[in-house]
Student: 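Starting off with a structure, shown below.
Every value quoted in this text rests on a predicted model; they were computed, and no experiment measured them. Residues take their numbers from the sequence shown, with the count starting at 1.
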Amino acid sequence: MGALSGGAFWLQSLLQGLFLGAWAGGSLLLLLPLIRALKKGAVRYRRLQSLNAGMASSPGRRRGLWEKLSSRGPLKHLGEEMEIAEMRMGVEPLLALMLILAFGGWFGSEAAVKLLQSKFAVGDDRQIAIHAWLLSSGAALFLASLPYFWIRFRVQQKRQRIALRMIAVVQNLIGHYRPRLTLAEIIVKSSDSMPYEVRSEWRRLELALHMKGVQEALYEFARRVDNEWGDDLADLLLIGSHYGTDVTEALHHLTLRMQTAKRLEENRLAMITVYRLGTTFMAGFAFFVVGFNIYADGTNYRHYFVDPAGRMLLLASFAVMFVSMVMVVRSGRRAF
């Protein structure tokens, strides 16, 4: 470490990681639009080739495979989740932020281990060369995933608010439902009086009915709100639209079922909130316990960073925290 103090060395390593992450993130911001433009150019070139060759049927098959690989990938799913969470940030800046956090976590954990070694290690432990590659990888993965989990939590919270307002949605729809009206007219008439939590998704449904088929638009709405009553509502509206059936009584029956289930859903959401707060507290407390144990007794440095069993314990702790956050996200799905 030379003449640098422990704190200055840790800060230098952390800044090195952050600057390297910023460089990688900036490069990503430049490369992604270029790659996207090259993909569009390749698709346009293949279409022109197919048209010139007189093969009208082959572009559909090729485009289907291309869409399956590009438009249904993880980036599209992430962009859709950010849209549901009403975040103005694009996917590219988010990926750049995750890269910055990954590099900062990697170099910061490396520097933290060396800082703890210089400050608290005793005896020969001060001279041992520590290569915490797995620990640094775990810290980088954990920190890089935090923005993604934050987005997932926001999506989860919005969907839970929508689930608790689905009764008001159906009641409002009943007030505007007339069998003689088309489904698009009913959606438009009920749009202004929809609850605030559902209004953005309802207006998206209103727009989708003019651009897509009725079934596709309704099932897209049900998929985005992601609750069982949304699926039932979409099925009822589709039946009424397709067969011309008056579904008013079925909507009243759906409202009664939702009122019966609402109390159980509120209890479930309360438990998920406690689980989320507990997971966040556990993640922060785990770092505190390691630092405090080494601060209280320097010999604990060997147990955590030199002994293979201690290093595996730290890796297992990162894995438990990561899996816990995944479980929090999974437990909040399919509300109501």
Student: Is a side-chain donor-acceptor pair under 3.5 Å present for N172 with S190?
Tutor: no
Student: Taking only residues two or more places apart in sequence, or in another chain, which ones meet K212 in a salt bridge (charged side-chain N to carboxylate O under 4.0 Å, His left out)?
Tutor: E220
Student: Show the nearest heavy-atom pair for residues R199 and D192, with the distance to one decimal.
Tutor: NH2-O, 4.0 Å
Student: For the side chain of S191 and the backbone of I187, is there at least one donor-acceptor N/O pair under 3.5 Å apart?
Tutor: no
Student: How close do G105 and A139 get, heavy atom to heavy atom, and via which atoms?
Tutor: O-CB, 4.0 Å
Student: Flag the pair R204 and E83 as a salt bridge only when some basic side-chain nitrogen lies within less than 4.0 angstrom of an acidic carboxylate oxygen.
Tutor: yes
Student: Apply the test side-chain contact (heavy atoms from CB on, under 4.5 Å) to residues L78 and M82: give CA-CA distance (whole Å), side-chain angles for both, the deciding distance (0.1 Å), then the verdict.
Tutor: CA-CA 6 Å; L78 179 60; M82 295 174 68; 4.2 Å; yes
Student: Tell me whether L207 is reachable from L209 by hopping between hydrophobic residues (I, L, V, M, F, W, Y) whose side-chain heavy atoms are closer than 4.5 Å.
Tutor: no
Student: List the residues meeting ring pair (Phe, Tyr, Trp, His ring centres under 6.0 Å) with Y177, not counting sequence neighbours, and say none if there are none.
Tutor: none
Student: Testing the basics here: between A168 and P195, what is the closest heavy-atom pair and its distance to 0.1 Å?
Tutor: CB-CG, 3.8 Å
Student: Using only atom types and a distance under 3.5 Å, with no angle test, would you say the side chain of E185 pairs donor to acceptor with the backbone of T182?
Tutor: yes
Student: Judged by atom type as modelled, is there a donor-acceptor pair below 3.5 Å linking the side chain of W229 to the main-chain atoms of M166?
Tutor: no
Student: Side-chain atoms of residues 234-249: list all donor-acceptor pairs with protein atoms under 3.5 Å, sequence neighbours left out, distances to 0.1 Å.
Tutor:
residue	atom	partner	partner atom	Å
D235	OD1	Y219	OH	2.9
D246	OD1	T248	N	3.1
D246	OD1	T248	OG1	2.6

Student: Kindly compute the distance separating OG1 (T255) from CD1 (I174), expressed to the nearest 0.5 Å.
Tutor: 4.0 Å
Student: Going hydrophobic residue to hydrophobic residue with side-chain gaps under 4.5 angstrom, can you get from V188 over to V169?
Tutor: no
Student: Can you give me the closest heavy-atom contact between M98 and A144, atom names plus distance?
Tutor: CE-O, 3.2 Å
Student: At what distance, to the nearest 0.5 angstrom, does CG of L146 lie from CD1 of I151?
Tutor: 11.5 Å
Student: Quick one: closest heavy-atom pair of R159 and R224, and the distance?
Tutor: NE-O, 2.8 Å
Student: Report yes or no: is the cationic atom of R154 (NZ for Lys, CZ for Arg) closer than 6.0 Å to the six-membered ring centre of W150, at no more than 45° off its axis?
Tutor: yes
Student: Under the side-chain contact (heavy atoms from CB on, under 4.5 Å) rule, what do I162 and R165 come out as? Steps first, then yes or no, please.
Tutor: CA-CA 5 Å; I162 290 176; R165 297 292 285 166; 5.9 Å; no
Student: Rounded to the nearest 0.5 Å, how far does CE of M194 lie from OG of S200?
Tutor: 12.0 Å
Student: Report the distance from atom CD of E228 to atom CE of M258, rounding to the nearest 0.5 Å.
Tutor: 11.0 Å
Student: Please find the pair of heavy atoms, one from L94 and one from P147, that lie closest to each other, and give the distance.
Tutor: CD1-CB, 3.7 Å
Student: What do the steps show when you test N227 against Q160 for side-chain contact (heavy atoms from CB on, under 4.5 Å), and what is the final call?
Tutor: CA-CA 9 Å; N227 64 70; Q160 289 169 358; over 6 Å; no
